[in-house]
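This is a predicted model, so every value here is computed, not measured.
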Amino acid sequence: MERLEGEMEALIAGTPELAARKALIASVPGAGPQLVAALIAYLPELGTLDNKRIAALAGVAPFNRDSGGYSGQKRVWGGRGRVRSSLYMAPLWWRLATIP
């Protein structure tokens, strides 16, 4: 596991574009190395699309469940599961790490 993480870090550090993305993502409080790697690997469109499209790709955008005369509730669904899971876990781990 450590060898694989080292290889990922070397790949990101060796590519200027990926290193710039890593620095930007890592500047967000709670964004650790796993979240940075997940966003770089599974959401390469980050930085090229608008916020609504990125939210839909990440699976965190609410969508209507409407059909004909039926108007349902908005629900979050779809998107890339690995990105959504990483975005869910990052603040949980950050919160656990900051509890005195």
Residue pairs meeting side-chain hydrogen bond (donor to acceptor under 3.5 Å, both in side chains), one or both in residues 45-60, sequence neighbours left out, come to Glu45-Arg80
For a 4.5 angstrom cut-off between non-hydrogen side-chain atoms, does Leu35 reach Val28? no
Mind checking what makes salt bridge (charged side-chain N to carboxylate O under 4.0 Å, His left out) contact with Arg82, not counting sequence neighbours? none
Got a sec, which residues hit side chain to side chain contact (heavy atoms under 4.5 Å, CB included) with Leu18, two or more places apart in sequence or on another chain? Ile12, Thr15, Ile40
Closest non-hydrogen atom pair, Ser86 against Ala38: OG-CB, 3.3 Å
Can you list every salt bridge (charged side-chain N to carboxylate O under 4.0 Å, His left out) pair that touches residues 15-27, not counting sequence neighbours? Glu9-Lys22, Glu17-Arg21
Sorted by chain and number, sequence neighbours left out, side chain to side chain donor-acceptor pair (under 3.5 Å) with Glu7 holds for Arg3
Give, for atom CG of Leu43 and atom CD1 of Ile54, the distance between the pair rounded to the nearest 0.5 Å. 4.5 Å
Are Tyr42 and Leu49 co-members of a hydrophobic cluster defined by side-chain heavy atoms under 4.5 Å apart? yes
What pair of heavy atoms forms the shortest contact from Met8 to Ala37, and how long is it? CE-CB, 4.1 Å
About how many Å separate CG of Leu46 and CG of Leu39, when rounded to the nearest 0.5 Å? 6.0 Å
Does Ala26 have any side chain to side chain contact (heavy atoms under 4.5 Å, CB included) partners at least two apart in sequence or in another chain, and if so, which? Val36
